[in-house]
Amino acid sequence: MDALNALLDGPKARGAFLQRSVLNPPWSLRVEDRAPLSIVALTRGSAWLSAAGDRPRKLGAGDVVTVRGPEPYTLAHAPDTPATVVVGPDQRCSSGGVDVTDSGALSVRTWGEAPGPEAAVVLSGTYRAPGELGSHLWHALPQVLVRPAGTGSGTASLVELLGAEVGHDHLGQALVLDRVLDLLLAGMVRDWLAEGGAGIPGWYRAEADPVVGRALGLMRSAPERPWTVPALAAEAGTSRAVLARRFTALVGAPPMAHLARLRLALGADLLRGSDATLASVARRVGYGSAFAFSAAFKRRYGVSPSAYREAGPGPDLPVSGVDTRTHVLGGGHRPEHVDR
């Protein structure tokens, strides 16, 4: 599996929350649902998006955005418009402290008010749990990713399809909506990576290097193997010194530190996405025992594997002081292990 396939193998929505919102100015939605990832598509009008750690962005009709949670974000008619509606963790909507979820319902998955001449129409899709995305993808994405109208391969047609399907209530409709949402996200990520602009993870850029790319592929395809820098270098056809130097320069972390992060990210996905025992998970990601895996997992994330699994859906695993876009599959400079 190549790097792009490995990354996009993650999105698998399960009963994602999808809704069309019809909003007349002045309006402002404060979204505090703590979802790991939301996709917002503006199909009519304009809006301003404000998210923690990101500058306010003006959106126009046809623009599509991903917002990485669990921090809140605001979508508004103007950047200084006070919040008129707050969306909570259970997707309940309140205005002035009054629950307006049911009173604002217009039709199937459509909420708001009768559209006026300057109304904005917003499609929103929300992944409810980190396991639906995979740690690979979640950590690779920037805080906010905007795909302007008219860009991307197939984005416009997928938004149109999502808009057409969101108002239906046919048998199996939830599954159809989940898959369309997955396709939309995968297409946006693929186009973003293909552009090669700012914010692309170092490990993805490094895939093009004949030496480092080979080492990354070996780690990804067989994380359970007892890799060392000399073993990876031999497989990649170079010396230990050359691999260590080029890998660190291109990926942003030494080979063994990157491998440790990759193993723990894969382990986290297996804990939430399968019924495998802790010992089985440990073996599949390259740890000799459940104890060794548990110790590494808790040292990095602050919670035990069992506690993480039992918690179920919720905010993803934080790592204090580390850029979450890079600390799992690249970047960051706090290695857990030294090169051997």
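This structure is a prediction, so every number in the text was calculated from the model and none was measured.
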Discussion item. Test your reading of the model: is there a side-chain donor-acceptor pair from S280 to the backbone of L278, 3.5 Å cut-off?
Written reply: no

Worksheet item: Taking the side chain as C-beta and beyond, is there a heavy-atom pair between V211 and F247 under 4.5 Å?
Response: no

Worksheet item: Any side-chain heavy-atom pair from V31 and P72 closer than 4.5 angstrom?
Response: no

Discussion item. Is the shortest side-chain heavy-atom distance between Y287 and V281 below 4.5 Å?
Written reply: no

Worksheet item: How long is the span from the NZ atom in K298 to the CG atom in L264, to the nearest 0.5 Å?
Response: 14.5 Å

Worksheet item: Is any side-chain heavy atom of R20 less than 4.5 Å from a side-chain heavy atom of V108?
Response: no

Worksheet entry | Residue pairs, two or more places apart or on separate chains, that pass ring-ring contact (aromatic ring centres under 6.0 Å, His included) and touch residues 141-175 | H168-H170

Worksheet item: Nearest heavy-atom pair of L181 and G125: which atoms, and what distance?
Response: CD1-CA, 4.0 Å

Fill in: Under 3.5 Å: donor-acceptor pair, side chain of Q91, backbone of F17
no

Worksheet item: What distance separates T248 OG1 from H258 NE2, expressed to the nearest 0.5 Å?
Response: 11.0 Å

Fill in: Nearest atoms (heavy-atom pairs only) where N24 meets A119
OD1-CB, 3.1 Å

Discussion item. Strictly distance-based, threshold 3.5 Å: is any side-chain N or O of S95 a donor or acceptor partner for the main-chain N or O of V85?
Written reply: no

Item to complete: Under the side-chain contact (heavy atoms from CB on, under 4.5 Å) rule, what do D99 and R92 come out as? Steps first, then yes or no, please.
Response: CA-CA 7 Å; D99 192 313; R92 303 294 296 182; 3.2 Å; yes

Practice prompt. Any chance you could measure D33, atom CG, to S38, atom OG, to the nearest 0.5 Å?
Written response: 5.0 Å

Worksheet item: Do the side chain of R263 and the main chain of V285 share a donor and acceptor less than 3.5 angstrom apart?
Response: yes

Discussion item. Has T43 got a side-chain atom pairing as donor or acceptor with V121's backbone, closer than 3.5 angstrom?
Written reply: yes

Worksheet item: Is R34 salt-bridged to D90, going by a charged N under 4.0 Å from an acidic O?
Response: no

Worksheet item: Is the backbone N or O of V144 less than 3.5 Å from a side-chain atom of D54, with the two atoms forming a donor-acceptor pair by type?
Response: no

Fill in: Donor-acceptor contact present, side-chain D63 to main-chain L42, <3.5 Å
no

Worksheet item: Is there a donor-acceptor pair closer than 3.5 Å between any side-chain N or O of W227 and the backbone N or O of A215?
Response: no

Worksheet item: Quick check: does any side chain N or O of Q143 sit under 3.5 Å from a backbone N or O of R68, one acting as donor and the other as acceptor?
Response: yes

Worksheet item: Just wondering, do L185 and Y127 contact through their side chains at under 4.5 Å, heavy atoms?
Response: yes

Worksheet item: Of all heavy-atom pairs between W111 and A105, which one has the smallest distance, and what is that distance?
Response: CD1-N, 3.7 Å

Item to complete: Return yes when atom CD of E118 has more than 12 non-hydrogen atoms of other residues, nucleotides or ligands closer than 6.0 Å, and no otherwise.
Response: no

Worksheet item: Do other residues, nucleotides or ligands put more than 12 heavy atoms under 6.0 Å from the CD atom of E224?
Response: yes

Discussion item. Once rounded to the nearest 0.5 Å, what's the spacing between atom CG of L162 and atom CD1 of I39?
Written reply: 8.5 Å

Item to complete: Search all heavy atoms of M188 against all heavy atoms of L145 and return the closest pair with its distance.
Response: CE-O, 4.1 Å

Worksheet item: Just wondering, more than 12 heavy atoms not from R284 lying within 6.0 Å of its CZ?
Response: no

Discussion item. How long is the straight-line distance from OG1 of T126 back to CG of L37, given to the nearest 0.5 Å?
Written reply: 8.5 Å

Discussion item. Is any side-chain heavy atom of R309 closer than 4.5 Å to one of S274?
Written reply: yes

Item to complete: Give the minimum heavy-atom separation between P115 and V22, together with the two atoms involved.
Response: CB-CG1, 3.7 Å

Worksheet item: Any sub-3.5 Å donor-acceptor pair from R179's side-chain atoms to A13's backbone N or O?
Response: yes

Worksheet item: Can you check whether P210 reaches R246 side chain to side chain, under 4.5 Å on heavy atoms?
Response: yes

Item to complete: Take R14 and D182 through the test salt bridge (Lys or Arg N to Asp or Glu O under 4.0 Å) and record every step on the way to the result.
Response: CA-CA 10 Å; R14 302 179 184 91; D182 289 344; over 6 Å; no

Worksheet item: Taking the six-membered ring for Trp, are F297 and F293 parallel (under 30°), tilted (30 to 60°) or perpendicular (over 60°)?
Response: tilted

Item to complete: Flag the pair L184 / V159 as yes when at least one side-chain heavy-atom distance between them is below 4.5 Å, and no otherwise.
Response: yes

Worksheet item: Has D275 got more than 12 heavy atoms of other residues, nucleotides or ligands less than 6.0 Å from its CG?
Response: no

